[in-house]
Protein chains: 2
Amino acid sequence: MDHAIAAQFARLGKALSSPQRVLLLDFLAQGERPVEALATVSGMSLANASQHLRVLLAAHLVANRKQGLQVHYRLAGSAVLSFLASLQGLAESQLAEVAQAAHAHLAVVGDLDGVDHRELQRRVEAGEVVLLDVRPAEEYAASHLPGALSMPADKLRRRLTDLPRNAEIVAYCRGPYCALAVAAVEELRRRGFQARRLADGPVQWAQRRVRTESGPSPVPTNRRQPSPRKP
Amino acid sequence: MDHAIAAQFARLGKALSSPQRVLLLDFLAQGERPVEALATVSGMSLANASQHLRVLLAAHLVANRKQGLQVHYRLAGSAVLSFLASLQGLAESQLAEVAQAAHAHLAVVGDLDGVDHRELQRRVEAGEVVLLDVRPAEEYAASHLPGALSMPADKLRRRLTDLPRNAEIVAYCRGPYCALAVAAVEELRRRGFQARRLADGPVQWAQRRVRTESGPSPVPTNRRQPSPRKP
DNA sequence: ACAGTATTCAATTGTTCAATTGATTACAAT
DNA sequence: ATTGTAATCAATTGAACAATTGAATACTGT
């Protein structure tokens, strides 16, 4: 391999060499976001987030588009998403720290991990399972599992009455390293619901070619029976 | 995703952020090598190569073992190999420079790229194709395609008489970014042989789960008919 | 045109990194 | 024990990087 070509590969490594940029990519895996939202969610100053995004842009890992005053960033393509999946896979297999950290405070008894999404889909459609997407509404809108209800973590408590006590509740969020669904499941169990966490998130869906939908929640703020059934 | 977990992912990115380390990983993808060999082939000083290898070791991307005076390094597992494949895939899809560089001076008319290895294997066994592995002998020994002959690039000229003029010759080396097979094919064509390059190398074999063999060449320096036939 | 907002740019700081050099360790052979 | 060799360590240099700050740009709404 030539030095010049190795340097090109290293460009991608450099882009991934900062924890902040990895964090940004992970958020971008949830869908397109404006700079300010990314800065807030990753805990960086606006200018700093902007500069990190430019680095990712220079590495062609993200793309952006201007809409009014805001600049929306997104992953540069599905290749980036599947690469992130393989990076996470590598980290889990090679870095004991990652697996340990993940399973230490991010696991709940009865986690669904590496689940058969086709079977899950069938159970959702049959009404045996209520799927909860506990990410922020924008991330649900960008991409979610078919049949899932948008139930942002901070609104869960207020909407408990919408949830059935006879069906199993499966909550998911951004992926195996996201704490939202863990907290949601623990809360639900405390309230007497039968709840489990689905560890997969958009990165894993992409890797396993799981079908997704996009668009806003079918039941925005209504107080109706939210469990979707076959017509 | 937590900051601490992102930092773990970034460890891997950091390890890949230097062209020299990418180069080392690419050579290690060919098989286990002692430090000195890696330093030589990558054009680094011994101390420098050693330090880069320690960085890769700290990231758990490589492992080593001591044999006598020498320390032999190898990839830490097959997960690393498949990750390298996905890194190369990402680079090709996202960085126009890579694809361009590769196809500029590393392509030969009639390259086999993304070939069906099962079909290739059949033709090799049927004697319709002579497979040449033009990498150094150690790399051939570490892993090669079944039925391939070890024909290091620097010995090709002396062994031209071993090659058939009626069968097609397919040469491969370290992968799409390796120049050895390109040079070999051009040389062979000048001499009137019917030759093509197989762009795949060990990284691609791993990705496509192509069967490989290891061990020394079946015809070390003999002047015998080297074309392998079915018994 | 004007004010307001989202983002980017530019200059600065302290930190981290890559390569070189020379010294040191670990081991094998004799 | 002594010698030689492979690899690593330690200390140094200059270069690249991350975060902060304040200014500049680009666009919207009025």
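Just so it is clear, the structure is predicted and the values come from calculations on it, not from any experiment. Chain letters run A, B, ... following the sequence lines, proteins first, then strands; residues in each count from 1. Heavy-atom basis, side chains included; hydrogens, waters and symmetry copies ignored.
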If you compare all heavy atoms of B:D133 against all heavy atoms of B:S143, which two are closest, and at what distance to 0.1 Å?
OD2-O, 4.5 Å
More than 12 foreign heavy atoms under 6.0 Å from CZ of B:R209: is that the case here?
no
Any side-chain N or O of B:S50 under 4.0 Å from OP1/OP2 of D:dA7?
no
Is any side-chain heavy atom of B:H144 closer than 4.5 Å to one of B:E139?
no
Whether the B:S17 and A:S17 side chains hold a donor-acceptor pair (N or O, under 3.5 Å, no angle test) is what I'd like checked.
no
Would the B:F83 and A:F83 ring centres measure less than 6.0 Å apart?
yes
Regarding the side chain of B:Q70, the nearest nucleotide among C:dT8, D:dA6, D:dT8 is D:dA6
Using a 6.0 Å cut-off, check whether atom CZ of A:R157 has over 12 heavy atoms from anything other than its own residue.
no
For a quick test of reading the model, state the closest non-hydrogen atom pair linking A:Q94 to B:H60 and the distance between them.
NE2-O, 2.9 Å
B/S/- along nucleotides 21-30 of chain C (protein heavy atoms under 4.0 Å) is B----SB---
How bent is the helix from C:dA1-D:dT30 to C:dT30-D:dA1, comparing axes over its five end pairs at each side, to the nearest 10°?
30°
Please give me every residue in residues 10-31 of chain A whose heavy atoms get under 4.0 Å of an atom in DNA chain D, ordered by residue number.
A:K14, A:S18, A:Q20, A:R21
Any side-chain heavy-atom pair of B:L131 and B:Y172 under 4.5 Å
yes
Are side-chain heavy atoms of A:Q88 and A:V203 found at a separation under 4.5 Å?
yes
Interatomic distance, B:R159 atom CZ to B:L132 atom CG [nearest 0.5 angstrom]
8.5 Å
